[in-house]
Amino acid sequence: MNRAFNFSAGPAVLPTEVLQATSQAVLDYNGLGMSIMEMSHRSKEYEAVIKEAQADALKIMNLSPEEYYVLFLGGGASLQFYMLPFNFLKNKANYINTGVWATKAIKEAEKVGTVKVIASSKDTNFNYIPKDYQIDTDADYLHITTNNTIYGTEWKTDPENVPIPLVADMSSDMFAIRRDFSKYDLIYAGAQKNIGPAGVTMVVIKKSFIEKRRQLDNYPSMLDYKLHMENDSMFNTPPCLPIYVVGQTFKWILKNGLEQIEANNIKKAGILYDFMDASNGYYKPTVKAKEDRSLMNVCFNLETPELEAKFIADAKATHNMTNLKGHRSVGGVRASIYNACPIEWVETLIKFMEDFQKKN
Ligand SMILES: *Cc1c(COP(=O)(O)O)cnc(C)c1O
């Protein structure tokens, strides 16, 4: 297979063996003479696909099916920005604002009820994770964004001593590092950053949390977590193919082990940040606080936007390195190095960066 060095922030690189299994399943799933896209979602074969994906997700997180439930929904992480408060915001909610996605989550929650932003790193263009904050004990939940895809910051450790339900948007670092997932009452992740293709969002819900949801009349059924749970994540036709791909990615994660995947991610990000820190300021990581630097999205600047444009163009022209341009809202350069990005890609990028620095 001819693979580009794809540093896209999402949809992003997937493990080659997942792509291969998917290409086979798209043509003929398990010798049934049918594509995975042509099967009834109510068939026993497809039911096994979704049930296994749910069970594997819990296995990776060390969570028990008695306590937690896994949903696969449409609508992206962006639907969760509204669905979460719609179900759980009664009195008020606490949010920590660490970037564009957190800001969007806050904006949606404000449509439902009272939101208090208890900490924000907006003052420094979101280049750190706030450490000082006071949680309102009478709030319905605290929402954090574990990895800030656009600014390249990440909560490396889970918040401590949270006295209220904890909720996280883990879209861009789901299963990239080990966490104490049992600290969370609800986790959501759009698949296209680390666990699969666009079109499906994983939602992990603590069963005791669902009992705290608001009482609602005449609401859209599709927004009700409980209804989706009661219908085994098949209230309507689920995104069958994306769920299959996510399930294959979970098998790949289980085979490698989350601990090993985390170690690889630390190594990959480490060599890239270390190289830049030693470049005499030629490459400038945007996140100065080392403990907050994302393992997934490495954001940096060169001296001028013109030099950055040349860097991105040269990387593409000489090495077929793609999608290195920073998000349109911040500019600069961003190398997204998710789970499926091999360390060799990062080594090749560093080699290119060394050469580029010498020549420019
Ligand atoms: C990409 C991203 C989103 C948006 O996901 P959609 O699936 O496009 O709605 C939300 N949060 C984070 C952290 C993201 O990286």
Side-chain angles (χ1 to χ4, degrees), residues 6-14 71-86 93 95-109 111 117 120-122 126-130 141-156 158-159 166-177 179 181 184 186-204 222-223 238-239 241-243 245-246 249 265 269 286-287 292-299 323 325-330 334-341:
N6 179 8
F7 295 103
S8 170
V13 56
L14 286 167
L71 289 172
F72 293 112
L73 304 177
S78 298
L79 180 61
Q80 296 308 310
F81 294 163
Y82 186 82
M83 200 163 159
L84 168 75
F86 185 76
Y95 279 70
I96 295 181
N97 190 1
T98 49
V100 167
W101 297 116
T103 303
K104 289 191 174 176
I106 290 162
K107 193 168 159 224
E108 295 298 296
K111 294 175 186 171
V117 178
S120 168
S121 46
K122 196 173 178 186
F126 299 112
N127 72 355
Y128 69 100
I129 299 289
Y141 60 85
L142 168 66
H143 179 283
I144 65 166
T145 309
T146 53
N147 184 72
N148 298 284
T149 327
I150 292 171
Y151 296 94
T153 60
E154 185 172 19
W155 293 72
K156 300 284 181 49
D158 306 302
L166 179 60
V167 174
D169 174 359
M170 294 194 187
S171 293
S172 53
D173 70 351
M174 193 76 222
F175 300 154
I177 64 174
R179 292 189 183 280
F181 295 100
Y184 296 85
L186 191 145
I187 295 164
Y188 61 92
Q192 70 272 19
K193 311 287 166 57
N194 230 347
I195 58 169
V200 66
T201 303
M202 179 169 76
V203 182
V204 183
M222 286 293 286
L223 294 183
L241 177 64
I243 292 170
V245 184
V246 166
T249 309
N265 288 334
T286 54
V287 181
D292 294 341
R293 286 175 170 175
S294 171
L295 300 179
M296 300 282 96
N297 312 98
V298 179
C299 300
N323 293 305
K325 203 167 183 291
H327 190 267
R328 56 198 148 77
S329 62
V330 294
R334 172 175 57 176
S336 296
I337 52 175
Y338 296 111
N339 286 352
C341 165

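Just so you know, ligand 1 is whichever comes first in the structure, and atom 1 is the first atom listed for that ligand. Computed from a predicted model, the values in this text were never measured in an experiment.
A ring-centre distance under 6.0 Å is not found for Tyr338 and Phe7.
No donor-acceptor pair under 3.5 Å is formed between the side chain of Trp101 and the backbone N or O of Thr149. The backbone N or O of Ile150 lies less than 3.5 Å from no partner atom in the side chain of Asn297, so there is not a single donor-acceptor pair. Judged by distance alone, with hydrogens and angles left aside, the side-chain atoms of Glu154 form a donor-acceptor pair with the main-chain N or O of Leu295 at under 3.5 Å.
For Tyr141 and Tyr95, the side-chain atoms include at least one donor-acceptor pair closer than 3.5 Å. The closest side-chain donor-acceptor pair between Ser294 and Asn147 falls under 3.5 angstrom.
Asp169 OD2, 2.6 Å is the protein heavy atom nearest to atom 11 (N) of ligand 1.
Below 4.0 Å from some heavy atom of Ser172 lie the following atoms of ligand 1, by number and element: 13 (C), 15 (O). Listed by atom number, the atoms of ligand 1 under 4.0 Å from Gly76 heavy atoms are 7 (O), 9 (O).
For the pair Ala77 and ligand 1, the shortest N or O to N or O distance falls below 3.5 Å. For Asn147, no nitrogen or oxygen atom sits less than 3.5 Å from a nitrogen or oxygen atom of ligand 1, counting backbone and side chain alike.
Closest to atom 9 (O) of ligand 1 by heavy atom, among Ala105, Ser171, Ser78, is Ser78. Nearest-heavy-atom check against atom 1 (C) of ligand 1 across Met170, Gln192, Lys193 picks out Lys193.
When heavy-atom distances to ligand 1 are checked against a 4.0 Å cut-off, Phe81 comes that close only through its side chain, counted from C-beta outward.
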